[in-house]
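Read through the structure below, which is laid out as structure tokens, and then see the notes.
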Amino acid sequence: MSEMLSQDEIDALLRGTSESSKPEANPEEHLDSMESDALGEIGNISFGNSATALSTLLQQKVEITTPIVSEVTIDALRERYPTPHVALRVGYTEGLKGENVLVLTREDAAIISDLMLGGTGIGVDPEGLDEIRLSAVQEAMNQMMGAAATSLSTVFSKKIDISPPLVEVFDATKNQTIIDRLELWETMVLIEFNLKVGTLIDSKIVQIAPVQFGKQLVNELMAATSPAPVAPAPPAAQVAPKQEAAPAPATAAQQPVRPQAKSVPEVAVSQAEFMPLHAPTTNDSIPANLGLLYDVPLNVTVELGRTKRSVREVLELSQGSIIELDKLAGEPVDIYVNQQRIARGEVVVIEENFGVRVTEIIQPHERIGIV
């Protein structure tokens, strides 16, 4: 008769069975090093454009740089945020499928909301984030993510749009709307940026998304940057061998016509005469006294874009309003001299000032009819 198993042995067998029944990790649920680097580059491009939009809203110099990509679980996220933070959930309505979450400290959100409402951002109490101030943060992040979506539209060569973000002050140790949403994502990708707003904020802003959404972004990037497939050359046509045939007798109408010799008129030949040698110039038609015009002042204007608005829309403008132009972010800007477009370029920042780097000179024949 076999011996009875002890309770410890039964427990050990159960533990072994449960551990062996666990499914192996699916590689599709994790990012490799190439995908992490690609996500960092995508974040660098899109949030660089977001910094410009946020700078315009807050009237402060804004820098969002140095993305760091990692993977986290919901438990690790709860440990990362033991104190209340502000979270904004952003969904994509066109071009991409999915959503992500932005996380700010309450202190940073309070400063941003105060600047949005016309304050100085100094001495703001983070405990005072009421509904109005949260709405101000929501609008700032809406403009920021809208600019990021525009950048992605340019990179992916397709239209990408977002829904208005949902804002919430969340405590990671408690179950709330956004935390409940994050629990649906088994593994999350976390992209952390440095956020600087003037001298008021020097902190972090974090973007959290499911790993599958991160892979979707990488796939879109690869599809946009892959060269178009070259169509194979059609097969060479088969030429049938010529059949030997006896020549038919030529009729009078088919007799070959022999070319008649043409009389060549005599041409008078004279000695070549050359102009006197002189220093080469780019254009001999330029007058010698052109230097008199060098000091004439010209108005140089850089145009970011144009749009049309009704009288009602213009009268409804207020501080902080956004006017969307007819150009995508990243497109070359037009350079005018005395209202005549002469070049295109890209906007650069030189210390504290904006500048423009000339990338293309418009040729004279292209300027005809251009206003």
Side-chain angles (χ1 to χ4, degrees), residues 40-41 43-70 80-88 90 100-148 150-151 165 167-170 172 190-208 302 304 317-323 329-330 333 346-357:
E41 185 59 29
N44 206 17
I45 294 172
S46 59
F47 273 80
N49 222 26
S50 299
T52 303
L54 193 59
S55 176
T56 303
L57 281 175
L58 304 182
Q59 297 297 306
Q60 296 277 338
K61 183 179 178 180
V62 175
E63 296 179 29
I64 303 177
T65 57
T66 318
I68 299 175
V69 181
S70 60
R80 182 185 179 93
Y81 298 110
T83 59
H85 282 65
V86 174
L88 299 103
V90 181
N100 55 34
V101 173
L102 292 179
V103 178
L104 294 166
T105 67
R106 285 199 304 174
E107 292 76 9
D108 295 345
I111 293 173
I112 290 174
S113 67
D114 191 60
L115 292 173
M116 286 286 292
L117 296 174
T120 62
I122 300 174
V124 180
D125 183 10
E127 299 293 336
L129 277 174
D130 53 16
E131 185 176 349
I132 294 177
R133 292 185 177 275
L134 283 177
S135 297
V137 177
Q138 182 180 15
E139 179 58 25
M141 296 300 105
N142 185 34
Q143 297 297 330
M144 223 180 84
M145 294 305 295
T150 302
S151 293
V167 63
E168 178 180 272
V169 177
F170 80 96
L190 186 147
I191 308 176
E192 185 179 58
F193 299 86
N194 290 333
L195 172 65
K196 293 183 180 180
V197 179
T199 58
L200 300 172
I201 297 177
D202 188 354
S203 182
K204 304 284 185 182
I205 182 171
V206 175
Q207 184 180 21
I208 304 172
V302 177
L304 294 176
L317 293 178
S318 61
Q319 184 177 357
S321 298
I322 300 297
I323 300 177
V333 297
E346 59 183 8
V347 177
V348 296
V349 177
I350 305 172
E351 295 181 352
E352 298 294 330
N353 299 324
F354 284 110
V356 62
R357 178 187 293 113

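Numbers here are sequence positions counted from 1.
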Value rounded to 0.5 Å, distance of CG in N194 from OG1 in T66: 4.5 Å
Side-chain donor/acceptor of S46 to backbone N/O of A148, under 3.5 Å: no
Donor-acceptor pair between D108 and T105 side chains, under 3.5 angstrom: yes
Pairwise side-chain contact, M145 with F47, heavy-atom cut-off 4.5 Å (strictly under): yes
Heavy-atom donor-acceptor pair, E346 side chain to V333 backbone, under 3.5 Å: no
Distance in Å, I68 CD1 paired with I191 CD1, rounded so as to fall on 0.5 Å steps: 11.5 Å
Residues that Q60 engages under side-chain hydrogen bond (donor to acceptor under 3.5 Å, both in side chains), provided they are two or more places apart: none
Minimal non-hydrogen separation, L200 against G121, with atom names: CD2-O, 3.9 Å
Taking every non-hydrogen atom, the tightest pair across I122 and D114: N-OD2, 4.4 Å
Inter-residue atom distance Q207.CD - N100.CG, 0.5 Å rounding: 4.5 Å
Side-chain donor or acceptor of S135 paired with backbone N/O of E131 under 3.5 Å: yes
Side-chain touch H85/R106, heavy atoms, less than 4.5 angstrom: no
Closest approach of G355 to I350 (non-hydrogen atoms, all atoms of both residues): CA-CD1, 4.5 Å
Reported CD1-to-CG distance for the pair I111 and L115, which is rounded to 0.5 angstrom: 7.5 Å
